[in-house]
Protein chains: 2
Amino acid sequence: MAYELFSRRGVRDVGVNELIERSGVAKATFYRHFPSKDALVLAFLEQRDQVWTVDAIVGQAKLRGTTPTEQLLAIFDVFGDWFLRDDFEACSFINILLEMGPAHPLGQASIDYLARIRGHVQALAEQAGLDRPEDFARSWHILMKGSIVSATEGDTQAAKRAQQMASWLIEHHRS
Amino acid sequence: MAYELFSRRGVRDVGVNELIERSGVAKATFYRHFPSKDALVLAFLEQRDQVWTVDAIVGQAKLRGTTPTEQLLAIFDVFGDWFLRDDFEACSFINILLEMGPAHPLGQASIDYLARIRGHVQALAEQAGLDRPEDFARSWHILMKGSIVSATEGDTQAAKRAQQMASWLIEHHRS
DNA sequence: AGCGAGTAAGACCGGTCTGTCTGCACCTTG
DNA sequence: CAAGGTGCAGACAGACCGGTCTTACTCGCT
């Protein structure tokens, strides 16, 4: 419920009253479960990490590839499908980070969840035996985030472009 | 005045009342010059394109390099300095695009100004005689935008990482 | 049966937002 | 001097925000 609204329209655009009304719950009940709206947003970010990062992206990529290197590159195949969906809504972590700023608690939480994504990439890089896996993951993450913004602009080929650069990155990190 | 506030704190976080008060102008006078707040934001975006895109980034990069290829790579040198500034505030075009969404008029305007940035890159690519300059510019732009988000997360080396991948991109677009 | 916990519904509070309108001082032009 | 335009200051409108609190009702438990 809140997950759909937050991920599609952003945190700032969805008010507590609307959430209350749509979920058919009383306001007092809501505030008994969550001390503030920000607490609900934190819960949303955690759910987003599981549903989107772990299941939809990393999980799907692991299914599509057999070797760690294939699984890494498959991330951008998943992105390519995702960018074409009509309910494509960019990345909530990036959205909230840029919307609230890195100093805000929700911005900090977004940074943490983005670091978790980078951790998945780094783990695959280590399995693939690549050099300097942390540097690799940070560069890889630049491609992921950049392609998401380009897709938001309307470039449906953004995933392919990023994947091409990603393959060069892999080559340069081979032992 | 409005430029500083909008670029540092975002469009949604700065209200008309605050702008009025800080600029020492009457509210009626403001609304005589701009029919709405969005019209002011549009003027801000245009100013941002000149001050930031044209002068601060592309202009500086052209000063730092002699050949088109050097000027392209110098973009990320400029980014590196920019990321270290304490008043680094990410890219207003990306911020507004993700904040308002691509359907909103301000999101559309942001997409247009991002396309102008890509146009500068494409022009340099053509001067450098690179293959498929439009594809080159779109891939290059992915690196620019991805590094900006990474810098917002706190990665001070984001510009270096993007520059490394950018050099590989140049190599693969040589005739 | 009677009691208390939990909940839906929504009034309410202080504050914010964009945008309009009024009052008053000033300043130029005839 | 008089008229009219201009601009500042700020009240005001109408909507919305996050968050608190009251009211009425429905349950489950003893």
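Here is how names work: the chains are called A, B, and so on, in the same order as the sequence lines, proteins then strands, and each is numbered from 1. Heavy-atom basis, side chains included; hydrogens, waters and symmetry copies ignored.
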Send over the distance from B:D13 CG to C:dT18 P, rounded to a whole Å. 11 Å

Does A:E70 come within less than 4.0 Å of A:R64, counting only side-chain N to carboxylate O? no

Side chain of A:K27, base of D:dG19: donor and acceptor closer than 3.5 Å? yes

Tell me: CZ of B:F30 to P of C:dC17, nearest whole Å? 13 Å

In whole angstrom, give the distance that lies between atom CD of A:E18 and atom P of D:dC17. 8 Å

At under 4.0 Å, does any side-chain N or O of A:R32 touch on OP1 or OP2 of C:dG6? no

Round to the nearest Å and state the distance from A:I20 atom CD1 to C:dA9 atom P. 11 Å

Roughly, in whole Å, what's the span from CG in B:L19 to C1' in C:dG19? 14 Å

A:N17 CG to D:dT20 C1', straight-line distance once rounded to whole Å: 12 Å

Look at A:E134 together with A:R118 and state whether they make a salt bridge at an N to O cut-off of under 4.0 Å. no

Map A:H33 and B:A28 onto DNA chain C by nearest heavy atom, then report which one ends up closer to the 5' terminus. A:H33

Exactly one of A:Q157, A:R161, A:Q164 clears side-chain hydrogen bond (donor to acceptor under 3.5 Å, both in side chains) with B:D135, and that residue is A:R161

To the nearest angstrom, the CD-P distance between A:E21 and C:dT7 comes to 20 Å

Between B:W140 and B:F76, is the ring centre distance below 6.0 Å? yes

Between atom OH in A:Y31 and atom C1' in C:dC12, what is the gap in whole Å? 14 Å

